[in-house]
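Read the structure below first, then the notes.
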Amino acid sequence: MNATRFQRAALAVAGGAVLPLALTACSGGTGKDSGSPASSAATETAETPADNAAGTGDQPFGTACGSVPKSGAGSFDGMSKDPVATAASNNPDLSTLVTAVKEAGLVDTLNNAKDITVFAPTNEAFAKIPKAELDKVLADKAMLTKILTYHVVGEKLAPKELESGTFPTLEKSTLTTAGSGGSYTVNGSSKVVCGNVPTANATVHIVDTVLMPKM
């Protein structure tokens with residue numbers, strides 16, 4: 001990324017002061033069981049992809065959903081009660097994303113948005129980026145803001161809408177989704193590994209690759 005590209009990125013996010021307005025303009029529990037071990041097992045299953053393998057209902061789905069804590073603030077039920085940036089901070093698999101969001105100063109912006117979708121890269125997704133390059137991005141607030149806002153769509157996207165769609169992002173370009181039966185990709189390569197995760201103000205689709213806008 002040369003200086004010209006850095007300048008372009010800076011220009012793309014120069015409107016950072018109006019980002020909260022853009023988010024606003026785009027706006028429009030999991031049941032608990034008790035009793036026998038069998039009913040307890042059913043509760044855990046309800047919070048994993050087993051009952052919603054096709055990704056067509058209102059439950060989270062995907063191969064990585066099993067790693068989400070079964071209880072506490074980082075569980076599906078716990079995340080559903082917090083705004084998206086706060087909810088992500090309670091999920092250990094999203095700690096690098098949370099660090100990036102804090103570095104970009106987007107915590108309040110995301111938490112105050114209404115009815116958005118966040119494609120949230122896992123720690124492993126960020127680990128695919130060479131460390132020197134990742135450190136460079138984290139140190140450049142303008143570029144980091146551009147990348148992170150590219151992961152946000154100003155409406156809630158249900159699994160059915162991921163089957164074939166092109167959606168405008170808050171970074172002001174578009175991303176595409178495709179797939180069916182609980183298997184979805186973003187921009188043709190980033191896989192949704194745990195989708196349809198509810199938070200108080202957003203739907204989160206956790207992905208295995210960081211999405212990169214055109215610089």
Side-chain angles (χ1 to χ4, degrees), residues 19-20 23 27 29-34 40-52 55 57-129 134 137-138 144-145 147-159 170 184 186 190-211:
L19 184 56
L23 282 161
S27 68
T30 302
K32 293 186 178 180
D33 213 342
S34 61
S40 177
T43 300
E44 291 195 7
T45 303
E47 294 187 339
T48 64
D51 284 346
N52 192 30
D58 59 358
Q59 297 292 323
F61 65 90
T63 57
C65 289
S67 65
V68 174
K70 298 298 187 292
S71 61
S75 67
F76 292 131
D77 185 58
M79 290 179 70
S80 71
K81 298 174 183 176
D82 289 321
V84 62
T86 301
S89 72
N90 292 320
N91 187 319
D93 289 335
L94 301 178
S95 59
T96 305
L97 172 63
V98 172
T99 296
V101 168
K102 290 178 179 178
E103 289 292 330
L106 292 174
V107 172
D108 289 341
T109 298
L110 293 177
N111 276 348
N112 292 326
K114 303 295 182 184
D115 297 330
I116 59 174
T117 292
V118 177
F119 291 94
T122 62
N123 294 342
E124 289 76 13
F126 280 99
K128 293 179 181 180
I129 302 173
L134 179 60
V137 170
L138 290 173
L144 184 59
T145 299
I147 292 171
L148 292 176
T149 54
Y150 184 64
H151 289 73
V152 183
V153 172
E155 61 181 299
K156 286 189 175 182
L157 300 178
L170 295 180
Y184 303 98
V186 186
S190 185
K191 296 179 181 179
V192 176
V193 293
C194 185
N196 214 34
V197 179
T199 72
N201 67 325
T203 294
V204 176
H205 297 295
I206 300 175
V207 294
D208 69 353
T209 304
V210 176
L211 306 175

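Here the structure is a predicted model, which means the values were calculated and not measured.
- Between the CG atom of Asp77 and the NZ atom of Lys70 there is a distance of 13.5 Å, given to the nearest 0.5 Å.
- Taken from OG1 in Thr199 to CG in Asn91, the straight-line distance is 12.0 Å, to the nearest 0.5 Å.
- Summarising the local packing, NZ of Lys128 is surrounded by more than 12 heavy atoms from other residues, nucleotides or ligands at distances under 6.0 Å.
- The main-chain N or O of Leu157 is found under 3.5 Å from a side-chain atom of His205 such that the two form a donor-acceptor pair.
- Here the closest heavy-atom approach between residue Ala87 and residue Met79 is recorded as CB-O, 3.6 Å.
- Note: Glu155 CD to Thr117 OG1 = 7.0 Å, rounded to the nearest 0.5 Å.
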Practice item. Start with the C-alpha distance between Asp93 and Ile206, add both sets of side-chain angles, then the distance that settles side chain to side chain contact (heavy atoms under 4.5 Å, CB included), and finish with yes or no. Key: CA-CA 10 Å; Asp93 289 335; Ile206 300 175; over 6 Å; no
Practice item. Could you give me the CA-CA distance, side-chain angles and deciding distance for His151 and Val186, then say whether side chain to side chain contact (heavy atoms under 4.5 Å, CB included) is met? Key: CA-CA 10 Å; His151 289 73; Val186 186; over 6 Å; no
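- Close placement of the Tyr184 and Phe61 rings is indicated, their centers lying within 6.0 Å of each other.
- From Leu106, atom CG reaches atom CG of Asn112 across 11.5 Å, with rounding to the nearest 0.5 Å.
- Residues Leu144 and Ala100 approach most closely at CD2-O, 3.3 Å, considering heavy atoms.
- The shortest non-hydrogen separation linking Ala200 to Pro83 is CB-N, 3.8 Å.
- Asn111 places a side-chain N or O within 3.5 Å of a backbone atom of Ala85 that can act as its donor or acceptor partner.
- Here Leu138 contributes atom CG and Ile129 contributes atom CD1; the two are 8.5 Å apart, rounded to the nearest 0.5 Å.
- Taking both residues in full, the closest heavy atoms of Val68 and Ser75 are given as CG1-CA, 4.0 Å, listed atom of the first, atom of the second, then distance.
- Of all heavy-atom pairs spanning Ala88 and Leu94, the tightest one is O-CB, 3.9 Å.
- Here the CG atom belonging to Asp208 is positioned 6.5 Å from the NZ atom belonging to Lys191, to the nearest 0.5 angstrom.
- A pairwise comparison of heavy atoms in Ala125 and Pro121 identifies CB-CB, 3.8 Å as the closest pair.
- A side-chain donor from one of Thr96 and Asn123 sits under 3.5 Å from a side-chain acceptor of the other.
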Point to revise | Candidate pair Leu170 and Leu148, rule side chain to side chain contact (heavy atoms under 4.5 Å, CB included), full reasoning | key: CA-CA 9 Å; Leu170 295 180; Leu148 292 176; over 6 Å; no
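- Here the side chain of Thr209 pairs no donor or acceptor atom with the backbone of Ser190 at under 3.5 angstrom.
- A donor-acceptor pair under 3.5 Å links the side-chain atoms of Asn201 to the main chain of Val84, judged by distance alone.
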